[in-house]
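Accompanying notes for the structure given below.
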There are 2 protein chains.
Amino acid sequence: MAPGYSEGMPSTDATDDALRLDQHLCFSLQAASRAFSGVYRVLLKELGLTYPQYLVMVVLWEHRELSVKQLGEHLRLDSGTLSPLVKRLEAAGLVRRERSAHDERSVHVHLTEEGAALRERALLVPRRIAAATGIGLDEVRDLRARLDRLTTALDAAALAEVPDLG
Amino acid sequence: MAPGYSEGMPSTDATDDALRLDQHLCFSLQAASRAFSGVYRVLLKELGLTYPQYLVMVVLWEHRELSVKQLGEHLRLDSGTLSPLVKRLEAAGLVRRERSAHDERSVHVHLTEEGAALRERALLVPRRIAAATGIGLDEVRDLRARLDRLTTALDAAALAEVPDLG
DNA sequence: GGCCATTCAGTTGCGCACAATTCAATTGCA
DNA sequence: TGCAATTGAATTGTGCGCAACTGAATGGCC
């Protein structure tokens with residue numbers, strides 16, 4: 001039942017089994033995520049976007065203008081990742097950054113004409129991706145729900161792992 | 001039903017909806033994957049491993065000795081990623097690299113005493129991770145199966161996207 | 001009003017993922 | 001046997017993710 005080690009000595013201990021690569025949900029997750037990136041990479045090349053840049057544009061197409069902080073809340077990214085990424089989008093002419101008048105600390109990112117126009121060309125991407133997954137809308141919805149619950153649980157656990165309070 | 005754009009003008013077009021961030025399975029997937037990494041990062045710090053390094057060790061604990069190429073097949077990584085990573089594991093004293101006698105092109109990676117011994121301390125990791133996910137073994141198994149099928153489908157699609165053959 | 005803690009963006013540094021290239025070793029085939 | 005194509009590892013370069021830090025702006029509190 002259990003493949004065990006290469007020596008042909010099957011491990012019957014569940015704790016041992018748990019250390020096998022194929023028992024790691026995190027690996028299946030990461031593999032699927034990278035496979036997704038690979039498909040997006042091909043589709044997005046003609047838009048001149050990387051996959052993380054595409055996600056930033058998706059958020060901006062939905063909200064038009066956001067601070068770096070707000071972008072990070074939507075995408076779970078911090079300024080260390082977003083600052084250079086947004087700069088590259090600005091260099092590509094898709095967004096512009098401006099200091100807020102109300103709060104000089106924050107920087108608002110908004111679409112340029114060109115950035116807004118790119119949305120038209122991006123509309124086909126989700127359909128082509130959906131076709132590539134080979135699964136139906138219902139299963140996609142179900143998977144998303146499960147994954148989001150998983151993320152919430154893991155975030156909570158990560159906080160608990162760094163007690164700070166004894 | 002559909003939140004639509006910030007202007008309060010709900011988009012009833014399914015194509016428009018598909019461009020919303022919360023419709024992107026890839027994002028839920030990546031978010032869950034990064035949440036996993038975060039929990040692992042905390043647990044693995046005391047083992048002196050990063051999450052990708054841990055996965056390499058998991059494969060080596062299972063197979064004892066593999067070429068860089070074989071490691072890459074297990075983990076879906078190429079030498080561009082593995083070469084420096086394995087070098088860091090070697091610098092940490094956990095593995096040793098040796099040119100194969102049969103084929104001088106290939107480099108075999110095998111555990112040192114210290115690397116093999118580290119397995120004992122790693123045995124607790126999967127249990128603590130399982131607790132952090134907040135889901136049962138059955139759902140984990142089901143999720144893994146779905147994700148692996150998804151990865152297979154996406155890989156096939158990625159190949160089809162780069163026709164090369166017209 | 002003046003001071004301190006907090007907030008926000010940006011930078012630096014490190015490791016990972018991946019494309020593209022290089023180079024040596026090997027294989028295949030004429 | 002000799003040469004071309006392939007294979008395996010390593011290197012280079014770019015971008016992402018994240019921790020740690022900097023510095024300016026803001027807000028709270030006395």
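Remember, predicted model here, so these are calculated numbers, not experimental data.
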(message) Counting only side-chain heavy atoms from C-beta out, which of C:dA19, C:dA9, C:dT6 sits nearest to A:Arg41?
(response) C:dA19
(request) Can you tell me the distance, in whole Å, between the CD atom of B:Gln30 and the P atom of C:dA17? (result) 13 Å
(request) Remember a base hit wins even if backbone is also touched, and classify A:Lys87 as base, sugar-phosphate or nothing at under 4.0 Å, heavy atoms. (result) sugar-phosphate
(request) Select base, sugar-phosphate, or nothing to describe what B:His108 touches, counting heavy atoms under 4.0 Å on all strands. (result) nothing
(request) List the steps and the verdict of salt bridge (charged side-chain N to carboxylate O under 4.0 Å, His left out) for A:Lys69 and A:Asp103. (result) CA-CA 13 Å; A:Lys69 164 109 177 138; A:Asp103 187 340; over 6 Å; no
(request) Name the nucleic acid region contacted by A:Leu82, choosing base, sugar-phosphate or nothing; use a 4.0 angstrom heavy-atom cut-off, strictly under. (result) nothing
(request) State which residue, out of B:Phe36, B:Tyr51, B:Tyr54, fulfils the ring-ring contact (aromatic ring centres under 6.0 Å, His included) condition with A:His24. (result) B:Tyr54
(message) Any N or O donor-acceptor pair under 3.5 Å from the base of C:dG15 to the side chain of B:Thr50?
(response) no
(message) Counting C-beta onward and ignoring hydrogens, is there a side-chain heavy-atom pair between A:Arg146 and B:Arg146 closer than 4.5 Å?
(response) yes
(message) Can you work out whether B:Arg105 or B:Gln53 has the more 5'-proximal nearest nucleotide on DNA chain C?
(response) B:Gln53
(request) Would you indicate what B:Ser106 reaches in the nucleic acid, counting non-hydrogen atoms under 4.0 angstrom: base, sugar-phosphate, or nothing? (result) sugar-phosphate
(request) Using heavy atoms to find the nearest nucleotide of DNA chain D for B:Gln70 and A:Asp103 separately, return the residue whose nucleotide is more 5′. (result) B:Gln70
(request) Mind calculating the distance between CG (B:Leu85) and C1' (D:dA9) to the nearest angstrom? (result) 15 Å
(message) Measuring from the side chain of A:Arg34 (C-beta onward, heavy atoms only), which nucleotide among C:dA9, C:dC18, D:dA9 has the closest atom?
(response) C:dC18
(message) Closest-nucleotide mapping onto DNA chain C: is A:Gly80 or B:Ala101 further toward the 5' terminus? I mean the 5' end.
(response) A:Gly80
(request) Report which part of the nucleic acid B:Ser67 touches: base, sugar-phosphate, or nothing (heavy-atom distance under 4.0 Å, all strands). (result) sugar-phosphate
(request) Assess whether one donor atom and one acceptor atom, taken from the side chain of B:Ser83 and the base of D:dA9, lie less than 3.5 Å apart. (result) no
(request) Mind calculating the distance between NZ (B:Lys45) and P (C:dG15) to the nearest angstrom? (result) 14 Å
(request) Could you tell me whether a side-chain N or O of B:Trp61 sits under 3.5 Å from a main-chain N or O of A:Arg20, the two making a donor and an acceptor? (result) no
(message) If you define the side chain from C-beta out and look only at heavy atoms, does anything of B:Ile129 sit under 4.5 Å from A:Cys26?
(response) no
(message) Taking B:Ser83's backbone N and O only, do any of them form a donor-acceptor pair with B:Arg97's side chain (distance below 3.5 Å, no angle check)?
(response) no
(request) Round to a whole Å and report the spacing from CG of A:Leu77 to P of C:dC8. (result) 16 Å
(message) Expressed as a whole number of angstroms, how long is the span from A:Asp78:CG to C:dA9:C1'?
(response) 11 Å
(request) Can you tell me the distance, in whole Å, between the CG atom of B:Leu44 and the C1' atom of D:dC18? (result) 15 Å
(request) Verify the contact: side-chain N or O of B:Arg97 to OP1 or OP2 of D:dA10, cut-off strictly under 4.0 Å; return yes or no. (result) yes
(request) To the nearest Å, give me how far apart CD (B:Glu73) and P (D:dG8) are. (result) 8 Å
(message) Starting the side chain at C-beta, find the nucleotide from D:dA9, C:dG10, D:dG17 nearest to A:Arg99.
(response) C:dG10
(request) Nearest whole angstrom, please: distance from the C1' of D:dA25 to the CD of A:Glu104. (result) 8 Å
